Amino acid sequence: MNRCLSAVLAGILLVTNGWSAARDDLQALVSAAMEWNPRIRAAVCQQEQAAADRAGLRGFFDPQLSAGGEYLDSVYGRRETLLQAGVHAPVGPGVYLDAAVEERFFDQMGDVDSTSLEYDRLIQSRVWLGLNVPLLQDRGWRQWRLEDLQARHAVAAADRQLLAVRQEVRREVEQQYFTLIEARASINVAKSAAERAEKLLREAEAMVSVQALPEYQVYAARSAAALRQEEVLAARQNYDAAVLVLNSLVGAPVPPALSDPALEDLIDWAMALRLPEQYRLAQILSARGNYARIMSQIEADRAARDLAEDQLRSRLSLVLETTLQGEDPDDLAATGRYLSARNAGVLAGVVWSRPWGYRAEKAQVRVKTAQLAEQGESLRQAELTIATELAVAHKRFASAHGRLREASAAVAAAQLALDSEDERFRLGEGRSRNVLDAQKDLTDALKRQIVAGVELLRAYYAFDFAAGYSLADAEEL
């Protein structure tokens, strides 16, 4: 079955009349759940964690500062003090930069290393600059870029997980609200049935008192009145339980106040709903949070696999270093040449290394490849589930719509039958059992009308959930 969202939006007709209060109650409950439900709040925390994890990756580019000092009293009698400060920083495009400044203070130099010096005290200054450029593994900070890409998709997955949790909580609140209004309508139907039974009992007792009826006609009416009161108590118990479950789903400290819609309003609400004849599954999938989360997780796993594959490359680096050095007996900014005939030195080289077998790295590639395959199957399962939810909800809606029409017709007929039996009983032409049977038929028809109406509401909102709530975004509900 194909569905077009534009046709869906155009096909939803909601008439605001007596049942608008019930829809307002539902919207208030959903809004409160979006704010207070613990699962939603936990998903928000997970979203913040993912965002913080990605922001932390920027610390890769933070310069690392170092400083230190040493004192040496060697076996040769020379004393040496070293003060050093440096910085290490990754800089673009894909270069490690190291820079350092050193100050050495030599004391009691004397005749050291067969070098006769005029001074026992000497100050040495050194400035050092080095570059390390990865040429194969991690070239151009590939590993950091892949980690950042993985973290970015992890943030997207957390965002979509939050959307999925909100959609699931909204569905649970909606379905539990329909349980509540079904229980409330059942209370009203049970009360009406109890009132009819009490009325029949009073009439029968009055007619027996004037000997217009035999006394046995009272027994059935008295039994029916007691049973109808028991049904009221049972319906109230179901309603109280539904309220507790609904409040736990919302999670608000003070649950929203709810109205008491009449049965006619419930039926009008259900009959006003319409679903589209066609829909397009491809457009609906992206609106579902759980499907979109898997898509983001696949992208994150793909980046993780690429990162693992980069680890399989050999390490090949270009190394460049340059050093400026000078000495002076008194000046801290020493530039003289006392220990060497040169002030500058240069190093250039290429360094290669690799593990012997890459067993750990190859295992990681296999792990990430298997995770990608797993996520692909999860995505396919999600698509099948969503397609099934849409189809089932659509068929249930059509079935419930027809059932509600038939149940409403049965209610009208049962009411006429009861009126006729009431009239016959008052004229002395009928029996209390006939009236009780007519009352039972009307009560059963009303109950079936409630069930069909609630099933219609459940199917409509189940379809809306399956479509990612993309059908009624303009009205929020």
Side-chain angles (χ1 to χ4, degrees), residues 55-148 310-311 313-356:
L57 292 177
R58 298 300 304 179
F60 173 78
F61 294 99
D62 291 343
Q64 299 181 27
L65 305 179
S66 63
E70 295 179 0
Y71 174 77
L72 172 65
D73 191 350
S74 72
V75 295
Y76 298 105
R78 182 178 66 186
R79 296 176 182 175
E80 180 181 331
T81 302
L82 169 66
L83 299 178
Q84 184 262 353
V87 61
H88 170 82
V91 295
V95 174
Y96 289 101
L97 172 66
D98 291 282
V101 177
E102 294 181 358
E103 285 288 328
R104 290 179 183 267
F105 302 89
F106 297 99
D107 194 20
Q108 296 182 2
M109 294 286 291
D111 188 2
V112 178
D113 296 331
S114 302
T115 302
S116 180
L117 297 176
E118 183 179 351
Y119 304 96
D120 269 355
R121 182 174 179 273
L122 196 65
I123 301 173
Q124 181 185 78
S125 298
R126 175 185 289 181
V127 178
W128 179 81
L129 180 67
L131 296 176
N132 187 304
V133 184
L135 300 177
L136 287 179
Q137 188 182 112
D138 201 23
R139 180 178 178 181
W141 306 142
R142 175 175 170 79
Q143 293 186 6
W144 177 85
R145 295 178 190 278
L146 288 172
E147 288 178 353
D148 184 66
D310 189 72
Q311 298 286 350
R313 296 185 177 190
S314 299
R315 295 184 181 91
L316 181 65
S317 301
L318 173 64
V319 179
L320 298 174
E321 296 179 5
T322 181
T323 305
L324 298 177
Q325 177 178 305
E327 296 85 23
D328 194 278
D330 302 305
D331 194 352
L332 286 175
T335 57
R337 289 176 287 182
Y338 286 80
L339 299 179
S340 172
R342 302 178 60 185
N343 287 103
V346 176
L347 180 148
V350 176
V351 180
W352 174 87
S353 67
R354 60 158 289 171
W356 182 260

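These numbers were taken from a predicted model, which means no experiment stands behind them.
- By the 4.5 Å heavy-atom criterion applied to side chains, Gln311 and Gln143 are counted as neighbours.
- Side-chain N or O atoms of Gln64 include none that pairs as donor or acceptor with a backbone N or O of His88 at under 3.5 Å.
- Arg337 has its side chain out of reach of Arg342: every pair of non-hydrogen atoms, C-beta onward, lies at least 4.5 Å apart.
- To the nearest 0.5 Å, atoms CZ (Arg145) and CG (Leu57) are separated by 13.0 Å.
- Counting non-hydrogen atoms of other residues, nucleotides and ligands closer than 6.0 Å to CZ of Arg139 gives a total of 12 or fewer.
- Judged purely by atom type and a 3.5 angstrom limit, Trp144 has no side-chain atom pairing as donor or acceptor with the backbone of Asp138.
- Nearest approach of Trp141 to Val91, heavy atoms of both residues: NE1-O, 3.5 Å.
- For Asp107 (side chain) and Arg121 (main-chain N/O), no donor-acceptor pair under 3.5 Å exists by modelled atom type.
- When all heavy atoms of Thr335 and Asn343 are compared, the closest pair comes out as O-ND2, 3.2 Å.
- In this structure Leu136 satisfies the side chain to side chain contact (heavy atoms under 4.5 Å, CB included) test together with Ser314, Leu316, sequence neighbours excluded.
- A side chain to side chain contact (heavy atoms under 4.5 Å, CB included) with Leu129 holds for exactly one of Leu97, Asp98, Thr323; it is Leu97.
- In this structure, Arg104 contributes its side chain and Arg126 its backbone to no donor-acceptor pair below 3.5 Å.
- Asp310 is listed as a side-chain neighbour of Arg313, based on a closest heavy-atom distance under 4.5 Å.
- Asp330 places a side-chain heavy atom less than 4.5 Å from the side chain of Asp328.
- For the pair Leu320 and Ala348, the tightest heavy-atom approach, listed with the atom from each and the gap, is CD2-CB, 3.7 Å.
- What you find for Pro134 and Gly94 is that their closest heavy atoms are CD-O, 3.4 Å.
- Side chains of Glu327 and Gln124: a donor on one and an acceptor on the other come within 3.5 Å.
- The side-chain heavy atoms of Phe105 and Arg79, taken from C-beta on, include no pair separated by under 4.5 Å.
- Between Ser317 atom OG and Leu131 atom CG the span is 12.0 Å, to the nearest 0.5 Å.
- Annotation for Val87 and Pro63: closest pair CG2-CB, 3.8 Å, computed over non-hydrogen atoms.
- Distance check: Leu324 CG to Trp128 CH2 gives 12.5 Å after rounding to the nearest 0.5 Å.
- Looking at heavy atoms from C-beta onward, Ile123 lies in side-chain contact with Leu332 at the 4.5 angstrom threshold.
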